[in-house]
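Data block below; observations after.
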There are 2 protein chains.
Amino acid sequence: MSSVPLHISISEKLRQQIEAGDYQPGEKLPSEHQLMETFDVSRITVRRAVANLVSQGLAKSQQGKGVFVTPQKKVAYSLASPLMFLEQDLARKGIQFTFENLTFRKIRTPKKVQAMLQLPIKSTVYFQKKLLNMDGAVGAIDESYILSDLGKKFGAQLKQQMTFPTLEAHGIAIEQIDAVIECTHADYKMSGYLEVPLGQPLIMYRYTTYGSDQQPILYGETISRADRFCYSLSLQK
Amino acid sequence: MSSVPLHISISEKLRQQIEAGDYQPGEKLPSEHQLMETFDVSRITVRRAVANLVSQGLAKSQQGKGVFVTPQKKVAYSLASPLMFLEQDLARKGIQFTFENLTFRKIRTPKKVQAMLQLPIKSTVYFQKKLLNMDGAVGAIDESYILSDLGKKFGAQLKQQMTFPTLEAHGIAIEQIDAVIECTHADYKMSGYLEVPLGQPLIMYRYTTYGSDQQPILYGETISRADRFCYSLSLQK
DNA sequence: TCAAGTCACTTGTTATAACAAGTAAAAGTT
DNA sequence: AACTTTTACTTGTTATAACAAGTGACTTGA
């Protein structure tokens, strides 16, 4: 008479228990076999219920080991001075931060970047792809496109240091940043990079940076695990 | 030899076809039966592949009808003047905007709101819950907590008009807004309200509003469908 | 003692099967 | 013509079954 599917009522029951603290963060949930007996349902139903929890970010399953309650701790990423002081900002919060340069090369300007950087069709930019680590765990991927001459001049340093401090150290002033924050889903490729299940929410920070004279300098996208990152900002009248 | 599960390779194949435009937005995908024959797999595998697409926000299934490619159109929500001019902002983009007042009542201040509004333990606030509609479709839920005396005084209007214009019309100046943008998952309750599958990403805008003398006036959370909303902002040096 | 192998237990993938329930068009009835 | 019923097709839920694959502890052999 409930009309609520079994897998939902089971996952809701488990969710309540997780939120009530019956299962602590990091703790192992009962195995599928145990849950089958507890709720007197088949394995497919138990698996569906567990999948519901995983898709809600409440649990994570590991083949051969079990299903574990995911501990939640989000890092707020302050937009008062975005990306520029990310490293310091995280250090202040006691978070170990490193990044790994995956790609740095010159490419033909992609169409969407042409518009953002106000570049002609037959231009080139430097494309950089970085993997950001927090406390040893993967947190985000950053893909950015920087003006060709800047990329050529500072390439060596950009591969090893954060972008904004590097630019400012060479007298390239950042005057304005236009940004869009949106949510996407992890596709198969991203789920591999960021070590999350397919379809998990990711938070994308798309930024266009302008120097003096409103000249666009770089466009980038920081795609973060939504369970580990959030953005904070303060707006005044 | 590929080591990639069948359901993944099928959903990836379909994803490519969708992104290539083989299936247009709103168009119906082949039925499960057809996909079973096309890929020569069982129904459970086809269903898993379709579930992958749904969890990535690429498709939506409707019982009795079929699976349809979801058309993507996001509304950027400008943070230059947040919430205040949402209505006008949307109107300018040609989007019909309405809201429905679900709840408006006085409650004991919840613990998390006490901290945000700097209120004592034994205080009360007015709690309002609104359902925001865009072009006739549900887009977001807004839950806000407003100082008791303001709620009492302007209750009648707050039920029918947007919050910020109402306050400003009565001379309550908004001086500052502290906000956090984060991503969450739709739990069972939210998935019902916002008409999305369980676990779909939602984008939460949590705001604390301050009037003159840095006095907190209201705290609220706007929970939007991440497939329909994003936030844009501009930061100057 | 240490390394290799075995075994029990875990989740992951996939197949077959049956019924429920929503949708829409065709067929039948008034 | 208008309404109702049937029917075919769709996705949703759930059960049973088998094997694959990762993990860790225990056992065995050198």
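In what follows, chains carry the letters A, B, and so on, assigned in the order in which the sequence lines appear, proteins first and then strands, with residues in each chain numbered from 1.
Looking at residues two or more places apart in sequence or on another chain, you find a side-chain hydrogen bond (donor to acceptor under 3.5 Å, both in side chains) between Q34(A) and S31(A). Remark: D227(B) pairs with R225(B) by the side-chain hydrogen bond (donor to acceptor under 3.5 Å, both in side chains) rule, at least two apart or across chains. A search for salt bridge (Lys or Arg N to Asp or Glu O under 4.0 Å) contacts involving K74(A) returns E182(B), not counting sequence neighbours. Not counting sequence neighbours, the partners of E143(B) by the salt bridge (Lys or Arg N to Asp or Glu O under 4.0 Å) test are K129(B). Residues passing the salt bridge (Lys or Arg N to Asp or Glu O under 4.0 Å) test with R15(A) are E12(A), E19(A), sequence neighbours excluded.
Along DNA chain D, read 5' to 3', the first and last nucleotides having any atom under 4.0 Å from a heavy atom of chain B are dT10(D) to dT13(D).
Other residues, nucleotides and ligands contribute over 12 non-hydrogen atoms within 6.0 Å of the NZ atom of K28(A).
Remark: Q63(A), G64(A) in residues 57-64 of chain A come within less than 4.0 Å of DNA chain D through at least one heavy atom. Contacts between residues 36-48 of chain A and DNA chain D, counted as heavy-atom distances below 4.0 Å, involve V41(A), S42(A), R43(A), I44(A), T45(A), R48(A). A heavy atom lying under 4.0 Å from DNA chain C marks none of the residues of residues 185-201 of chain A.
Side-chain atoms of R228(B) come within 3.5 Å of backbone N or O of V138(B) as a donor-acceptor pair. T166(A) places no side-chain N or O within 3.5 Å of a backbone atom of L158(A) that could act as its donor or acceptor partner. In this structure a side-chain-to-backbone donor-acceptor pair under 3.5 Å is missing from E195(A) to G192(A).
Using cut-offs of 30° and 60° for the angle between ring planes, the Y77(A) and Y231(A) rings count as tilted. Between Y205(A) and Y207(A), the ring planes lie parallel to each other; the angle is under 30°, not in the 30° to 60° tilted range.
Among pairs with a residue in residues 44-71 of chain A, those fulfilling salt bridge (charged side-chain N to carboxylate O under 4.0 Å, His left out) read E32(A)-R47(A), at least two apart in sequence or across chains. Each side-chain hydrogen bond (donor to acceptor under 3.5 Å, both in side chains) pair with one or both residues in residues 104-114 of chain A, not counting sequence neighbours, appears once here: T109(A)-S123(A), K112(A)-E221(A).
Judged purely by distance below 3.5 Å, without hydrogens or angles, the side chains of Q160(B) and N101(B) never pair a donor atom with an acceptor atom.
Between C230(A) and C183(B) the SG-SG gap reaches or exceeds 2.5 angstrom.
Between the axis at the start and the axis at the end of the helix from dT1(C)-dA30(D) to dT30(C)-dA1(D) there is an angle of 10°, using five pairs per end and rounding to 10 degrees.
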